[in-house]
Amino acid sequence: MDDGERLRRWRLVLGGDADGTGCALSGTDAGMDGALAALYNGGGEGSRERGAGLGASAPRIARWLGDIRSYFPSTVVQVMQKDAVERLNLTRLMLEPEMLEAVEPDVHLVGTLLSLNRVMPEKARESARALVRKVVSELERRLVQKTKAAVTGALDRSARTHRPRRVADIDWDRTIRANLKNYLPEKNTVIPSRLVGYGRRQRAVQREVVLCIDQSGSMAASVVYSSVFGAVLASMRSLRTSLVVFDTAVVDLTDQLHDPVELLFGTQLGGGTDINRAIAYSQGLITRPTDSIFILISDLYEGGVRQEMLRRVAQMTAAGVQVIVLLALSDEGAPFYDRENAAALAAMGVPAFACTPDAFPDLMAAAIERRDIGRWAERHLERPAG
């Protein structure tokens, strides 16, 4: 890299004008610098003051959103959009149709729109719905196949038989391990006196799954991902899936699981939190405890009765329900959560950890097979300290 290119890059990083680096910008570089300066410097060429450089004009911001999409890759665009919403307080302008048509859709923007759902003017609602549907479609493309494969495989593996009807149904790994005592050294072989195979695929419901989602503002990304996963699980006949969202009230959105976009618009991000009430409602949805998986997705900041919440979790585990607590279901992890409640749950044998969307299918498989979820989390995820 020659000195000129090095100065050019430093000039783009530092902002300001040519006085500092001795490097003036032109063409595409000048446009890129202006887009960065509008957000981070408050001006562009010749401006040194920090501040909001986009003003309060929706058309102007829409043009800026178009500019950054032409200069930067989508991953950088999403970061800049998030910074713009936070730094420049653009929440109100997110309700403008021209803004919604210009942004690069991502999970965080969907969360912002959902938090504004109740105050969104009708003229912006269709644009918002189109943006949300685009994000949901992309998430489904990324997650559906993996989720169905993991869950279906786990259901098949969990149905064992010692009388497999076909050779294809024999689980050779487990059969060999079960017959190691019959090893014949002189023949260098194992005599399989006892076969272990996969049970025939059942059409009846094999597991009940209840997703209980905290819709407080900090859980926005988790609500989006949970809704998509809930829709995928609900499409599988071997599962009976319910989805409940809560703040201080509880709303059962199970009847919306066929359309995750409608489901998301049925949520209301923000407000307080009553985990105890949500768990109480969810208990009523479980009819077969030993075949049920209850997944609470919450940062565990309880505004209800804490001891009653813990007592209900203990009741569920004692009845045979597989209880899992996710502090977040997102790519960002869980920077803020109630550590005291997480530790209390861990002491009861209920691990609390953040899970990425890509790891969730494998988590569901582990839960269906009733593996030790705490050990699974330690092997696959960075688990928060209790």
Side-chain angles (χ1 to χ4, degrees), residues 107 132-133 135-159 201-215 219 221-246 250-267 278-279 281-298 316 321-326 328-330 354-371 373 376-377 380:
V107 169
V132 172
R133 191 169 295 281
V135 173
V136 166
S137 296
E138 174 60 26
L139 293 180
E140 288 178 327
R141 186 195 62 78
R142 166 185 162 191
L143 302 170
V144 167
Q145 185 174 355
K146 182 178 180 181
T147 303
K148 288 189 173 181
V151 170
T152 300
L155 288 169
D156 289 345
R157 289 190 297 271
S158 65
R201 185 168 296 177
Q202 303 176 34
R203 294 190 178 184
V205 172
Q206 298 180 53
R207 294 289 189 278
E208 295 182 355
V209 178
V210 179
L211 295 171
C212 186
I213 308 167
D214 183 343
Q215 59 176 356
M219 303 296 294
S222 297
V223 170
V224 176
Y225 281 115
S226 300
S227 299
V228 173
F229 279 118
V232 176
L233 297 176
S235 70
M236 305 182 70
R237 293 182 179 181
S238 297
L239 303 177
R240 185 168 76 86
T241 304
S242 303
L243 187 141
V244 174
V245 297
F246 68 93
V250 179
V251 180
D252 191 332
L253 295 176
T254 303
D255 62 350
Q256 298 292 330
L257 279 171
H258 65 282
D259 186 343
V261 175
E262 290 301 318
L263 191 155
L264 285 168
F265 276 93
T267 64
I279 294 177
Y281 180 86
S282 299
Q283 281 181 292
L285 299 175
I286 296 172
T287 61
R288 297 159 47 188
T290 56
D291 291 326
S292 295
I293 303 167
F294 173 69
I295 303 176
L296 173 65
I297 304 172
S298 172
M316 296 174 79
V321 178
Q322 179 88 310
V323 179
I324 301 170
V325 176
L326 300 183
L329 180 55
S330 68
C355 181
T356 64
D358 288 331
F360 186 78
D362 292 333
L363 170 62
M364 283 300 304
I368 288 169
E369 296 179 50
R370 298 195 73 87
R371 285 185 260 154
I373 297 301
W376 180 90
H380 295 85

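Just the heavy atoms: all of them, side chains too, but no hydrogens, waters or symmetry mates, feed the values below. Bear in mind the structure is a predicted one, so any value in this text is a computation, not a measurement.
- Contact detail for G230 and L243: the closest heavy-atom pair is CA-CD1, 4.3 Å.
- Looking at H258 and L263, their side chains never come closer than 4.5 Å, going by heavy atoms from C-beta outward.
- Side-chain atoms of D291 and Q206, non-hydrogen and from C-beta on, never get closer than 4.5 Å to each other.
- The structure places CD of Q215 at 8.0 Å from CG of L253, a figure rounded to the nearest 0.5 Å.
- With hydrogens and angles ignored, the 3.5 Å screen pairs a side-chain donor or acceptor of R207 with a backbone N or O of I368.
- The closest side-chain heavy-atom distance from R240 to V209 is not below 4.5 Å.
- The heavy-atom pair separating P260 from E140 by the smallest distance is CG-OE2, 3.6 Å.
- Note: S227 OG to I213 CD1 = 5.0 Å, rounded to the nearest 0.5 Å.
- Of the inter-residue distances, the one linking H380 atom NE2 with T356 atom OG1 reads 10.5 Å to the nearest 0.5 angstrom.
- Under the 3.5 Å distance criterion, the side-chain polar atoms of T254 are left unmatched by any main-chain donor or acceptor of S242.
- For the pair S238 and L155, the tightest heavy-atom approach, listed with the atom from each and the gap, is CB-CD1, 3.5 Å.
- Using a 4.5 Å heavy-atom cutoff, the side chains of Y225 and L143 are in contact.
- In this structure, C212 and A278 approach most closely via the heavy-atom pair SG-CB, 3.6 Å.
- The CG atom of L233 sits 10.5 Å away from the OG atom of S226 when rounded to the nearest 0.5 Å.
- For the atom pair CG of L211 and CG of L257, the computed distance is 8.0 Å after rounding to the nearest 0.5 Å.
- The closest side-chain donor-acceptor pair between S292 and Q322, if any, does not fall under 3.5 angstrom.
- Applying the ring pair (Phe, Tyr, Trp, His ring centres under 6.0 Å) rule to F246 yields no partners; only residues at least two apart in sequence or on another chain are considered.
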Worksheet item: Hey, mind stepping through E208 and T287 against side-chain contact (heavy atoms from CB on, under 4.5 Å) and telling me if it holds?
Response: CA-CA 8 Å; E208 295 182 355; T287 61; 2.3 Å; yes
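- Inter-residue side-chain proximity for L326 and F360 is flagged as met; some heavy-atom pair is nearer than 4.5 Å.
- The closest side-chain heavy-atom distance from L139 to R142 is below 4.5 Å.
- The closest donor-acceptor contact from the side chain of T267 to the backbone of L264 lies under 3.5 Å.
- Residues in residues 143-152 take part in no salt bridge (charged side-chain N to carboxylate O under 4.0 Å, His left out) pair, two or more places apart or across chains.
- Taking the side chain as every heavy atom from C-beta outward, M316 and I279 approach each other to under 4.5 Å.
- For S222 against A328, the heavy-atom pair with the smallest separation is OG-CA, 3.5 Å.
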Worksheet item: Between V244 and V251, is a side-chain contact (heavy atoms from CB on, under 4.5 Å) present by the stated rule, with each step listed?
Response: CA-CA 6 Å; V244 174; V251 180; over 6 Å; no
Practice prompt. Check step by step if side-chain contact (heavy atoms from CB on, under 4.5 Å) holds for I295 and V210.
Written response: CA-CA 6 Å; I295 303 176; V210 179; over 6 Å; no
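- To the nearest 0.5 Å, atoms CZ (F294) and CG (L285) are separated by 9.5 Å.
- Under the side-chain contact (heavy atoms from CB on, under 4.5 Å) rule, M219 has a single partner from V245, V224, I297, which is I297.
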Practice prompt. Apply side-chain contact (heavy atoms from CB on, under 4.5 Å) to R133 and D259, showing your working.
Written response: CA-CA 10 Å; R133 191 169 295 281; D259 186 343; 3.7 Å; yes
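- The salt bridge (charged side-chain N to carboxylate O under 4.0 Å, His left out) search around D252 returns none, not counting sequence neighbours.
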